[in-house]
Amino acid sequence: MTSATTPRVRFAPSPTGYLHVGGARTALFNWLFARHFGGTLILRIEDTDFERSSQEMVEGILTGMRWLGLNWDEGPFYQSQRLDLYRATAEKLLASGHAYHCFCTKAELEQRRAEAAAAGRPPMYDRRCRSIERSVATGRKAAGEACAVRFAVPDGGTTSFEDAVFGRVEFANAEIEDFVLLRSDGIPTYHLSVVADDLDMRLTHIIRGADHISNTPKQVLQYRALGAELPVFAHVPLILGPDKTRLSKRHGATSVIAYKDMGIVPEAFRNFLALLGWTPGSEHKDKEIFSSDDLIQLFSLDGISKSNAVFNNDKLAWYNTEYIRAYDAKNLLPLIEEEWKVFNFTPERGPEEILSTIELLKPRARNLKDFATTFRAYFSDSFEFEPAAVAKFLKDDATRSLLVELGKRYEQAPEFTEYWAEQILRSFADESGVKAGVLINGARVALTGQAVAPSLFAVMGALGKARVVNRLSGAGKISA
RNA sequence: GGCGCCAUGGUGUAACUGGUUAACACGCCGCCCUCUCAAGGCGGAGAGUUCGGGUUCGAUCCCCGAUGGCGCUACCA
């Protein structure tokens with residue numbers, strides 16, 4: 001592939017908030033697209049709204065991308081450091097007559113908009129400054145009068161573009177107002193800076209949220225005015241909450257880091273996100289689990305859906321269990337250690353034991369948090385008994401004394417393996433005239449504090465003789 | 001309000017250029033397995049494709065209209 005045909009794409013978040021779910025998916029699609037074609041992904045920070053942008057948010061966005069494993073090839077570039085480019089672009093547009101100075105003040109504009117609304121007219125800019133003579137305008141500007149630069153939208157006709165997802169999209173020019181390119185303080189608006197940057201960065205494909213469809217004709221108009229070729233636009237449908245309104249804080253977590261904090265594994269989140277609004281096609285319709293490499297290989301703009309998608313937490317949770325189960329214990333350990341840190345928990349087991357215990361537990365973990373909460377008893381002697389579990393399997397005094405007695409049997413046993421642990425328990429149950437299940441269920445609670453756990457004898461194997469004996473001997477004192 | 005876009009079970013999606021008992025996954029229900037809970041295996045409920053018109057021998061698929069949802073409508077991005 002020659003460099004001329006190698007795609008160059010970008011992710012261009014505005015640092016007015018953390019990396020949210022929708023932004024993350026846009027980033028993911030751009031990344032997938034770039035990696036699929038061996039192209040270049042550029043990270044551009046759109047921080048021209050100084051009021052709302054902050055370095056903290058930039059860091060948050062970078063953290064989110066790293067967590068998802070999305071690396072970029074160029075940047076991050078900051079629009080706040082590229083103001084000269086935008087001013088020069090505005091000058092070009094001014095010089096070619098595609099833009100003009102506007103001396104209307106914000107207050108005047110607002111008042112006229114209110115009047116228009118009251119009269120039932122569309123609240124568009126009335127273009128009054130468009131008729132000001134060039135020389136007059138430059139004179140007024142030179143005299144120190146504040147002015148913005150507006151784009152002169154053609155009077156009639158339509159502006160259209162071919163979208164890789166939506167097909168041909170067309171707008172009547174009469175519907176597009178003479179939008180502001182450069183604010184009176186010399187700071188560009190989004191409309192100008194995107195075009196100037198997308199052009200300057202030689203981007204070939206613009207993959208972004210569908211909320212930008214209506215903005216696109218304003219950009220197309222500038223490309224034409226500048227005599228530039230259009231990139232390929234690909235608008236991605238939005239992600240909605242369960243009530244089908246745009247995903248927002250009302251729906252709970254919207255920042256990707258919040259999902260990390262909730263104990264979600266990044267591969268699960270990425271897989272889930274990739275299939276929200278995109279499908280690898282019918283040949284793969286029976287498959288749901290896709291590795292990063294699979295996704296890169298399969299990704300294509302053709303598979304992007306046109307309709308908005310609802311974010312489904314249940315499905316995410318399912319992916320999480322699938323991925324946790326598939327993890328190697330040694331790769332899972334660092335993630336679990338992070339959770340332990342969050343909970344201020346220190347395991348009291350050796351490294352080998354920890355790994356084999358993770359191996360035992362991971363098939364039934366739903367979430368990384370489980371390792372620091374419900375699975376505590378496997379890693380430390382300080383753990384809580386779940387009242388419901390005690391009430392269900394240990395409420396009987398007789399059962400508890402039998403467990404204490406069972407502990408003694410184990411203590412005296414010459415061998416303590418999963419096999420012998422089971423033999424001993426079952427023969428003890430026979431001898432005592434109780435069902436093995438009673439002792440098994442009771443022992444599980446005595447050993448783990450939980451009613452839910454892996455096979456009891458596997459648990460015993462993981463805990464080791466000393467702990468098993470010790471915890472069973474304390475069974476008499478457990479109360480609900 | 002204006003303009004634009006979209007519309008398949010509760011959710012995500014599939015159904016080659018119109019011909020299928022409308023498929024898969026999540027979720028839900030039941031059964032099996034079983035020492036609990038997951039997992040796993042098996043089975044089930046749940047959409048006639050938003051609605052109404054066309055075109056056609058035949059429409060999820062093409063056309064028109066309606067409805068609904070979403071987006072844009074700033075000197076925000």
Side-chain angles (χ1 to χ4, degrees), chain A residues 12-16 46-49 51-53 79 102 104-106 109-110 113 117 120-125 146-150 163 165-167 169-172 174-177 179-185 187-191 193-194 209-218 235 237-238 240 242 244-246 272 275-289 303 305-319 321 325 363-366 389 392-393 422 425-426 435-445 448 450-457:
Chain A
S14 170
T16 55
E46 308 216 320
D47 58 349
T48 53
D49 183 347
E51 310 280 290
R52 297 196 299 148
S53 301
Q79 290 194 321
C102 171
C104 301
T105 65
K106 212 166 173 174
L109 257 15
E110 263 163 36
R113 246 197 305 274
R121 282 179 284 118
M124 286 210 288
Y125 177 59
C147 66
V149 175
R150 283 184 188 272
D163 191 282
V165 174
F166 290 94
V169 183
E170 189 176 71
F171 290 82
E175 298 294 336
I176 307 170
E177 83 171 336
F179 53 96
V180 171
L181 294 167
L182 214 51
R183 302 186 259 210
S184 50
D185 59 5
I187 304 302
T189 62
Y190 165 75
H191 303 301
S193 56
V194 254
D211 48 342
H212 285 295
I213 288 181
S214 306
N215 290 325
T216 307
K218 293 179 185 164
H235 288 95
L238 303 176
L240 311 177
K244 307 222 178 188
T245 64
R246 210 226 259 258
F272 168 71
L275 261 32
L276 218 48
W278 174 76
T279 158
S282 51
E283 324 80 276
H284 303 282
K285 78 181 184 83
D286 291 351
K287 215 179 149 191
E288 297 279 322
I289 303 289
S305 154
K306 289 197 247 193
S307 48
N308 296 340
V310 173
F311 189 97
N312 185 307
N313 275 305
D314 284 336
K315 189 107 187 200
L316 209 211
W318 175 76
Y319 273 114
T321 63
R325 185 181 319 166
R364 59 191 63 223
R366 291 228 96 195
K392 189 170 179 194
F393 293 120
E422 178 159 8
L425 183 141
R426 288 192 187 278
K435 284 196 189 157
V438 172
L439 295 185
I440 288 170
N441 289 329
R444 182 177 2 260
V445 179
T448 68
Q450 304 281 323
V452 174
S455 163
L456 178 69
F457 305 107

Side chains of A:Lys306 and A:Phe166: does their closest heavy-atom pair fall under 4.5 Å? yes
In the structure I gave you, are the side-chain heavy atoms of A:Ser53 and A:Pro15 within less than 4.5 Å of one another anywhere?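 Counting from C-beta outward, A:Ser53 and A:Pro15 do come under 4.5 Å.
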Show me the dot-bracket string of RNA chain B, counting Watson-Crick or G-U pairs under 3.5 Å, with | for pairs to another strand and [ ] for crossing ones. (((((((..((((.....[...)))).(((((.......))))).....(((((..]....))))))))))))....
Where does B:G48 land, syn or anti, once you apply the within-90°-of-0 test for syn? syn
With sugar-phosphate meaning primed atoms plus P, OP1 and OP2, does [X] contact a base, only sugar-phosphate, or nothing at under 4.0 Å between heavy atoms?
| X | result |
| --- | --- |
| A:Thr189 | sugar-phosphate |
| A:His235 | nothing |
| A:Asp314 | sugar-phosphate |
| A:Arg52 | base |
| A:Ser184 | base |
| A:Ser53 | nothing |
| A:Glu288 | base |
| A:Pro454 | base |
| A:Thr321 | nothing |
| A:Gly277 | sugar-phosphate |
| A:Leu456 | base |
| A:Ala309 | sugar-phosphate |
| A:Ser214 | base |

Please measure how far the [atom1] atom in [N] lies from the corresponding atom in [M], and state the result in whole Å.
| N | M | atom1 | value |
| --- | --- | --- | --- |
| B:G52 | B:C16 | P | 24 Å |
| B:G10 | B:C37 | P | 31 Å |
| B:G69 | B:C29 | C1' | 31 Å |
| B:G46 | B:A25 | C1' | 15 Å |
| B:U60 | B:G1 | C1' | 33 Å |
| B:G9 | B:A22 | P | 15 Å |
| B:C64 | B:C26 | P | 39 Å |
| B:C24 | B:G4 | P | 40 Å |

Is it true that A:Asp211 and A:Arg246 make a salt bridge, defined as a side-chain N closer than 4.0 Å to a carboxylate O?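 Yes, this pair counts.
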Taking 4.0 angstrom as the limit, do A:Lys106 and A:Glu110 come out as a salt bridge? no
Taking atom types as modelled and ignoring hydrogens, do the side chains of A:Thr216 and A:His235 form a donor-acceptor contact shorter than 3.5 angstrom? yes
Give a yes or no on this: more than 12 heavy atoms of other residues, nucleotides or ligands lie within 6.0 Å of atom NZ of A:Lys287.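 Check passes, neighbour count above 12.
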Quick check: are there more than 12 heavy atoms from other residues, nucleotides or ligands sitting under 6.0 Å from CD of A:Glu283? yes
Identify, with sequence neighbours excluded, every residue that meets ring-ring contact (aromatic ring centres under 6.0 Å, His included) alongside A:Tyr125.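 With neighbours one apart ignored, the set is empty.
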Quick one: how far along RNA chain B does chain A reach, first to last nucleotide 5' to 3', anything under 4.0 Å to a heavy atom?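 Taking any atom under 4.0 Å from a heavy atom of chain A, the span is B:G2 to B:A77.
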